[in-house]
Protein chains: 2
Amino acid sequence: MDDATQPKLSRIQQRNRTRITDAALEIFSQHGFRGATLDQIAGEAGLSKPNLLYYFDSKEAIHVDVLNRLMETWLAPLEAIDPQGEPREELLRYIRRKLEMAFEFPRESRLFANEIVQGAPRMGPHLETGLKPLFEEKAALIQSWIDAGRLPPLDPRHLILSIWATTQHYADFEAQTRVLLEGSDVQQSAWAHLEALYARMLSC
Amino acid sequence: MDDATQPKLSRIQQRNRTRITDAALEIFSQHGFRGATLDQIAGEAGLSKPNLLYYFDSKEAIHVDVLNRLMETWLAPLEAIDPQGEPREELLRYIRRKLEMAFEFPRESRLFANEIVQGAPRMGPHLETGLKPLFEEKAALIQSWIDAGRLPPLDPRHLILSIWATTQHYADFEAQTRVLLEGSDVQQSAWAHLEALYARMLSC
DNA sequence: TCGTGCCTTGACCAAATGGTAAAAAATGCG
DNA sequence: CGCATTTTTTACCATTTGGTCAAGGCACGA
């Protein structure tokens, strides 16, 4: 997009930028933006604090970079819903993939949750430009399936929100579910539950 | 419990403690624990910072107090599920009440979410002693309804988690839903959606 | 009214924290 | 190798912030 300048990152730059964003994901997702310190991130990355600021202009720049990188992978499953596919099958696959990602990338989920819970102070615009168009596109797709009689009538937008809520909950509220569901195979039972919940919703 | 000393708060003490916890709820729910400052809370409360620390030992003490006060109101609807009632009716009433609370007390919801997302560093024990017993009690109640054939087979614990996730989502992720659902009456359409979702789940 | 004890505040402190500057050390290329 | 460029570090700074303290203000019972 604005890569017009072709930054041409050196091997060292690429390696260290990755180290920093990896460390930042770990620290930011645990403590939130204000709760995380550059020293913590530097320690996690195995670099010195001034060295971080050689690669990024500021703490906020790191945070924004991590968030942006995040959104791509985070929205990939939604993008993958195929207009040509069988509606129920597409949606159930989406739900399963979203649940898998909650267990596979809990830090990403929590970082995003942290940002949104606090009012998206550093992501507001990105929600409008990056998230909303895709959301509207897929909601319209589901609506078209309903109109064609291939799904029962329901509100596509609230359906998507419910899917997000129920799947990401296992990552975002893990501290709670770990206490409440201790001992059981959470991912397994969660999928059984969600499959039942949404399969019924999409069939009746 | 440990009120054995009967602190006997004076009128002024009662008034100012309330002011402080009200202000703290506002500030903590917006910025999280680390993101909030005593100066902000003091400003919101209309008191000086040293005066806050006359009433509470530390910033953390304020936070803990607000969280504890919170949990009572937060769990009231769950406690109100009546073992004598009609299962479907009881659960749908619970869901509706929980949704109402998400819109009525979004700050409480977000404060709790903030704490859990970051690993419940100041609430860990309370989850075990305060939350889990009630959770287990109500899960067992729902299981007994299933065993009696009054509800279709489902996992009571994941059901409760789903209800929490879908209702609290409208408070915790309000910054997101405000963008994605702008213009519509969110509470109204959310209830229509959730009623459909769970009514089907509890009937089929 | 007076004085005792509760309440409030201004001034201050030490630690933490985001960020800077300039020198030192690598790195890589001819 | 020689040298310019990139990378890293050491030392440091200004601000923020949780918390303290001693003195002053205020309420209220005797």
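Naming convention: chains lettered A, B, ... in sequence-line order (proteins, then strands); numbering from 1 in each chain.
- Atom CD in B:Glu60 sits roughly 18 Å away from atom P in D:dT17 (whole-Å rounding).
- Summarising the geometry, the separation between CG on B:Asp39 and P on D:dG18 is reported as 7 Å, rounded to the nearest angstrom.
- Atom CG of B:Asp57 has 12 or fewer neighbouring heavy atoms from other residues, nucleotides or ligands inside a 6.0 Å radius.
- Remark: C1' of C:dA16 and NE2 of A:His31 are 15 Å apart, rounded to the nearest angstrom.
- A:Leu52 places its CG atom 10 Å from the P atom of C:dG18, with the value rounded to the nearest Å.
- Ring geometry, A:Trp164 versus A:Phe135: the interplanar angle falls from 30° to 60°, so the pair is classed tilted.
- Nearest nucleotide to the A:Ser58 side chain, out of C:dG19, C:dC7, D:dG19: C:dG19.
- Under 4.0 angstrom from either OP1 or OP2 of D:dT9 there lies at least one side-chain N or O belonging to A:Ser48.
- Candidate nucleotides D:dG18, C:dT8, C:dC7 were compared by shortest atom distance to the side chain of B:Gln13, and C:dC7 ranks first.
- For A:Arg69, the CZ atom is loosely surrounded, since the number of other residues' heavy atoms within 6.0 Å does not exceed 12.
- Taking atom CD1 of B:Ile20 as the reference point, atom C1' of D:dG19 lies 15 Å away to the nearest angstrom.
- In the set C:dG18, D:dC21, D:dG19, D:dC21 carries the atom at the smallest distance from any side-chain atom of B:Pro50.
- Among the protein residues, B:Ala36 comes within range of the sugar-phosphate backbone only, with heavy atoms under 4.0 Å from sugar or phosphate atoms but none that close to a base.
- When the P atom of D:dT9 is taken as reference, atom CG of A:Asn16 falls 10 Å away, rounded to whole Å.
- We find that CG of A:Leu53 is positioned 13 Å from P of D:dT8, with the value rounded to whole Å.
- You won't find any donor-acceptor pair under 3.5 Å spanning the side chain of A:Lys59 and the base of C:dG19, going by distance alone.
- Across D:dT7, C:dG18, D:dG19, the shortest atom-to-atom separation from the side chain of A:Tyr55 is found for D:dT7.
- Within 4.0 Å (heavy atoms only), B:Leu38 reaches sugar-phosphate atoms of the nucleic acid but no base atom.
- Atom-to-atom, CD1 of B:Ile27 to P of D:dT17 comes out at 12 Å; the value is rounded to the nearest Å.
- The aromatic rings of B:His158 and A:His193 lie parallel to each other, with less than 30° between the two planes, well short of the 60° mark.
- Atom NE2 of A:His169 sits about 6.5 Å away from atom OG1 of A:Thr177, to the nearest 0.5 Å.
- Regarding contacts with the backbone of D:dT8, every side-chain N or O of A:Tyr54 stays at 4.0 angstrom or more from both OP1 and OP2.
- Mapping A:Asn51 and A:Arg34 onto DNA chain D by nearest heavy atom places A:Asn51 closer to the 5' end of the strand.
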